[in-house]
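Predicted model, so just to flag it, every value in this text is computed and none were measured. Just the heavy atoms: all of them, side chains too, but no hydrogens, waters or symmetry mates, feed the values below.
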Number of protein chains: 2
Amino acid sequence: MEETGRTTHTLAALMELRKRILNGDFPGGTRLFEVPLAETLQISRTPIREAMSRLAEEGLLDRLTNGGFVVRSFTLADVLDAIELRGVLEGTAARLAAERSAPPAVLERLNHVLLQLDACFGRDANEVDFEAYSNLNGQFHTLLVTLSGSAVLQREIERATRLPFASPSAFLSGRTNIDVFRQSLHVAQEQHRALAAAIASREGTRAEFIAREHARIARRNLEYVMLENPELIISVPGLALLNS
Amino acid sequence: MEETGRTTHTLAALMELRKRILNGDFPGGTRLFEVPLAETLQISRTPIREAMSRLAEEGLLDRLTNGGFVVRSFTLADVLDAIELRGVLEGTAARLAAERSAPPAVLERLNHVLLQLDACFGRDANEVDFEAYSNLNGQFHTLLVTLSGSAVLQREIERATRLPFASPSAFLSGRTNIDVFRQSLHVAQEQHRALAAAIASREGTRAEFIAREHARIARRNLEYVMLENPELIISVPGLALLNS
DNA sequence: ATGATGGATAATGTATACATTCATCCGGAT
DNA sequence: ATCCGGATGAATGTATACATTATCCATCAT
């Protein structure tokens with residue numbers, strides 16, 4: 001066989017199918033058939049099956065009762081619930097981090113990220129290094145989960161945030177560098193600070209609810225997109241698979 | 001091929017492997033190899049792979065980076081966290097049920113189950129129809145999730161609850177009809193009543209925290225087993241795969 | 001002695017032929 | 001006209017041969 005970039009056919013199919021699904025090439029509810037996909041991707045049915053199985057694990061496909069897969073379909077309510085769910089889970093991570101003594105070394109790293117996030121803002125309120133912020137924001141959320149000290153929770157949070165629109169950086173991609181989003185970053189960063197402070201001083205309930213509210217920024221951004229700027233839908237990762 | 005009871009080899013392998021894992025035949029961390037399993041189960045590697053893929057989806061197996069699967073291993077802390085996580089998720093379901101107007105018809109069904117649960121208790125405090133209670137308890141928890149009206153949440157709760165020791169009926173199997181557990185049912189049922197009342201009167205926060213506390217009955221039962229009655233470990237579904 | 005190297009072995013990855021199942025439609029009997 | 005039943009096709013299920021890769025161990029050079 002030819003080299004396809006030093007990877008297995010399964011992984012190639014996985015990435016290609018994921019890309020197409022997130023891109024909206026297959027509307028929600030579309031059934032994916034092995035044979036045509038195998039022909040399209042020029043590989044056999046075996047790695048296609050394996051890839052679809054993993055996409056079901058990711059939550060992008062649903063298994064049919066009598067075999068086969070369909071693209072999972074998401075209503076706006078589903079996406080809002082997925083965001084709320086992330087808030088609940090991250091809130092739990094924050095609470096546990098506060099209740100159980102979070103390791104000082106990791107807390108230190110969290111504060112370091114906090115300072116770096118501060119540095120993303122310029123003197124002018126509208127001046128923000130969007131790219132750097134997005135990257136550091138991801139680090140902050142990862143550290144928060146680590147701080148909880150719960151492998152089980154970490155696993156489920158990673159799972160829930162694998163749906164791109166439920167990820168903490170859903171509205172932070174380069175493609176969505178938009179006034180409204182940029183301005184929300186000041187609020188978000190203040191929440192980051194409060195969250196770190198609450199964890200450091202063992203205020204579990206405070207930490208939990210700050211994290212929930214923090215996730216709701218994404219909810220507001222989503223509502224803005226849907227109601228006032230629908231042409232942005234295609235710019236937000238994963239929103240292409242919103243149906244109806 | 002021979003008939004093996006009107007099902008596919010994949011499903012047969014799935015059920016058999018699940019049974020063996022939950023039974024503790026493969027200690028946590030054991031790597032499962034396709035070839036020996038295929039020989040043992042008298043089928044080819046293909047359905048074995050498919051079955052293992054689904055067990056990874058269930059959270060019983062972990063994928064290795066370079067292919068292959070290992071039995072997931074759980075520490076006591078992991079099990080406690082899984083129970084806490086169920087509490088958090090069911091709490092969220094309860095809160096949403098309260099906040100969003102739960103359909104009266106479903107609320108009615110919840111109250112009906114509540115009455116049936118009451119009927120499981122005899123005049124003597126120690127007299128409980130354990131089997132019926134267990135069954136109705138499952139219905140109650142299912143209805144609670146339905147009441148939330150969130151398909152996304154329902155999906156994740158079903159997922160989290162697929163680990164048997166994190167299920168609402170983990171300590172309610174016929175094999176664990178034990179004084180300590182039986183007595184906890186009175187407290188549990190009082191929480192069921194309070195939960196239904198809180199939802200009916202739209203008290204979201206109250207509902208959320210009752211549900212969390214409700215899950216912690218399982219935590220207490222687990223601690224009892226571990227500390228005071230370790231020989232019961234094998235009687236509680238799934239606890240066999242606790243390691244260390 | 002130690003580290004690199006290479007090959008044997010054993011595992012998963014892949015293609016493909018064939019089996020089975022399920023839905024659909026057509027035709028005939030009532 | 002309607003219902004039942006079998007043919008048909010298209011889909012997944014399964015077995016298996018072969019390809020590829022990873023790992024371990026022996027061996028050699030330093």
Quiz item: What pair of heavy atoms forms the shortest contact from A/Thr7 to A/Leu11, and how long is it?
Solution: OG1-CB, 3.3 Å
Quiz item: Any idea which heavy atoms bring B/Leu242 and B/Phe74 closest together, and the distance?
Solution: CD2-O, 3.3 Å
Please report, rounded to the nearest Å, how far the [atom2] atom of [N] is from the [atom1] atom of [X].
X: A/Ile43; N: C/dG13; atom1: CD1; atom2: P; result: 13 Å
X: B/Glu39; N: C/dA11; atom1: CD; atom2: C1'; result: 13 Å
X: A/Ile48; N: D/dA11; atom1: CD1; atom2: P; result: 14 Å
X: B/Glu50; N: C/dT14; atom1: CD; atom2: C1'; result: 16 Å
X: B/Gln42; N: D/dT14; atom1: CD; atom2: C1'; result: 15 Å
X: A/Leu11; N: C/dT14; atom1: CG; atom2: C1'; result: 13 Å
X: B/Glu34; N: D/dT16; atom1: CD; atom2: C1'; result: 13 Å
X: B/Leu64; N: C/dG13; atom1: CG; atom2: P; result: 10 Å

Nucleotide nearest [X] when distance is taken to its side chain, options [options]:
X: A/Asn66; options: C/dC22, C/dA15, D/dG13; value: C/dC22
X: A/Arg49; options: D/dG13, C/dA15, D/dT16; value: D/dG13
X: B/Thr10; options: C/dT14, D/dT14, C/dA11; value: D/dT14

Quiz prompt | Side-chain N or O of A/Thr46 closer than 4.0 Å to phosphate OP1/OP2 of C/dT14 | solution = no
Quiz item: Is there a side-chain polar atom (N or O) of A/His9 under 4.0 Å from OP1 or OP2 of D/dA19?
Solution: no
Quiz item: How is A/Arg63 classified with respect to the nucleic acid when contacts are heavy atoms under 4.0 Å: base, sugar-phosphate, or nothing?
Solution: nothing
Quiz prompt | Option from B/His192, B/Arg86, B/Glu90 for which side-chain hydrogen bond (donor to acceptor under 3.5 Å, both in side chains) with B/His214 holds | solution = B/His192
Quiz item: Looking at C/dG13, does its base get a donor-acceptor pair with the side chain of B/Arg45 below 3.5 Å?
Solution: yes
Quiz item: With a 4.0 Å cut-off, would you call A/Arg159 and A/Glu58 a salt bridge?
Solution: no
Exercise. Could you grab the distance from atom CG of A/Leu143 to atom CD1 of A/Ile199, nearest 0.5 Å is fine?
Key: 10.0 Å
